[in-house]
Amino acid sequence: MTKFIIANYKMNKNFDECMDYINTFKNFRLPRERTVVICPPDYVLDNFASVIHKKKNCFVGAQDSAIERDGSMTGELSATMIKSTGAKYVILGHSERRNKLGETSGEVNKKVKLAVEAGLVPIVCVGEKLEETKKRKSVILNQLKESLKGVDISKIIIAYEPIWAIGTGKTCDVKDIQFVHQYIKSKLSTKNNFEPVIVYGGSVKPSNAGEILSLECVDGVLVGGSSLDPYEFYKIVKS
Ligand code: 13P
């Protein structure tokens, strides 16, 4: 089965840096058993999609989309606008948006529904803070319940990103990754009779990607810092 390798540039790279990156990356040969999704800043979605659309198993995604279908939302980009650039995926409910911008699971839920309606595949992020480690099962379950209310889980990807592991160099122990992924699968599979696709994110790098990706319950990785250099990211793709 294919494993997803997803790059999240976050708020990094100007236009020229983005184009240098994609012009390097487009020449890399991708393994058949990998699906690569690159999520750059919105202003290059169209450029990226047109460069990689001929590449097999390689797609473009946005890092967020608007909470409304259209209308008076100055500065926002709707799911249909993102879709029209050639993008196929959208990251929603990233912990940086939840914690720095106060995005709630209810808001994430609205965005997820609009993204699915527009034909995008949402990558819905959940994860606990360090101080929530002991009650992480209930924290994660609540985020999932609210973010995915009324959503067909066969149309989405879930990203488990423990917040304390993001950008810190501290990766979650593989046993813990396994535990949480199996927990999410057991909770969502029984309700929907379908096994959800779950990727792990949080300080994934070339040195640990192979071990994480070898876990059966891990369907891929979501990479921040180590995706910013095309050669580093390609090492993860090949892990
Ligand atoms: P890092 O890989 O930099 O820890 O970021 C993870 C992340 O937040 C991806 O969405």
Side-chain angles (χ1 to χ4, degrees), residues 3-13 17-18 21 25 34-42 44-45 48 59-65 82 87-103 105 108 111-112 115 120-130 132-133 136 139-140 143-144 147 156-174 176-177 180-181 184 197-213 215 218-239:
K3 298 225 175 187
F4 287 87
I5 313 293
I6 307 168
N8 176 9
Y9 288 9
K10 308 191 179 184
M11 201 171 68
N12 290 295
K13 294 195 184 293
E17 289 166 340
C18 283
Y21 187 111
F25 195 80
R34 296 285 180 258
T35 298
V36 175
V37 181
I38 302 181
C39 303
D42 285 340
V44 289
L45 287 175
F48 272 38
F59 303 95
V60 177
Q63 298 174 21
D64 185 42
S65 58
I82 289 166
K88 296 245 180 331
Y89 292 82
V90 59
I91 298 172
L92 292 174
H94 193 281
S95 62
E96 287 153 11
R97 298 196 61 83
R98 290 178 186 267
N99 296 322
K100 293 183 183 171
L101 301 168
E103 195 163 282
S105 290
V108 175
K111 292 182 175 191
V112 172
L120 293 168
V121 178
I123 301 160
V124 185
C125 304
V126 294
E128 78 285 2
K129 294 180 181 151
L130 185 60
E132 294 169 332
T133 306
R136 71 179 163 190
V139 169
I140 292 166
Q143 288 174 350
L144 285 170
S147 306
I156 66 155
I157 292 174
I158 293 166
Y160 169 54
E161 296 204 299
I163 293 165
W164 51 267
I166 294 177
T168 57
K170 292 181 195 152
T171 326
C172 191
D173 189 88
V174 284
D176 285 318
I177 297 175
V180 174
H181 280 227
I184 297 173
V197 175
I198 312 175
V199 300
Y200 168 80
S203 296
V204 175
K205 41 193 176 247
S207 59
N208 61 22
E211 189 183 15
I212 296 169
L213 285 165
L215 299 172
V218 171
D219 300 306
V221 286
L222 176 53
V223 190
S226 288
S227 75
L228 293 176
D229 177 284
Y231 297 96
E232 282 286 290
F233 183 57
Y234 185 49
K235 282 186 201 161
I236 296 175
V237 172
K238 288 191 296 176
S239 294

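Remember, it's 1-based here, ligands and their atoms both numbered in the order they're listed.
In this structure a side-chain-to-backbone donor-acceptor pair under 3.5 Å is missing from N8 to G224. Side-chain atoms of E232 do not come within 3.5 Å of backbone N or O of K205 as any donor-acceptor pair. No donor-acceptor distance shorter than 3.5 angstrom exists from the side chain of E128 to the backbone of T133, with no hydrogens or angles considered.
K88 NZ: 12 or fewer foreign heavy atoms inside a 6.0 Å radius. Around CD of E211, the count of heavy atoms belonging to other residues, nucleotides or ligands within 6.0 Å does not exceed 12.
Contact annotation for I166 and ligand 1: heavy atoms of both the backbone and the side chain come within less than 4.0 Å of the ligand.
Residue C172 holds its SG atom at 11.0 Å from CD1 of I166, rounded to the nearest 0.5 Å.
By the 3.5 Å distance cut-off applied to N or O atoms, N8 is counted among the residues near ligand 1. Not a single N or O atom of G201, backbone or side chain, sits closer than 3.5 Å to an N or O atom of ligand 1. The N/O atoms of V223, backbone and side chain alike, include none that comes under 3.5 Å of an N/O atom in ligand 1. Distances between N or O atoms of S226 and those of ligand 1 include no value under 3.5 Å.
For atom 3 (O) of ligand 1, the nearest protein heavy atom (residue, atom name, distance) is G225 N, 2.8 Å. Closest to atom 2 (O) of ligand 1 among all protein heavy atoms lies G224 N, 2.9 Å. The protein heavy atom nearest to atom 5 (O) of ligand 1 is K10 NZ, 3.2 Å. Counting only heavy atoms of the protein, atom 7 (C) of ligand 1 lies nearest to E161 OE2, 3.0 Å.
When side chains are defined from C-beta on, T171 counts as touching I212, because their heavy atoms get closer than 4.5 Å.
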Show the numbers, then the answer: is there a side-chain contact (heavy atoms from CB on, under 4.5 Å) between Y89 and I157?
CA-CA 9 Å; Y89 292 82; I157 292 174; 3.8 Å; yes

What's the verdict on side-chain contact (heavy atoms from CB on, under 4.5 Å) for S147 and R98, showing C-alpha distance, side-chain angles and the deciding distance?
CA-CA 12 Å; S147 306; R98 290 178 186 267; 3.2 Å; yes

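Ligand 1 does not have K205 within reach: every non-hydrogen atom of the residue lies 4.0 Å or more from it. Residue contacts with ligand 1 include G202, since one or more of its heavy atoms lies under 4.0 Å from the ligand. Under a 4.0 angstrom heavy-atom cut-off, G167 registers as being in contact with ligand 1. At least one heavy atom of A165 sits closer than 4.0 Å to an atom of ligand 1.
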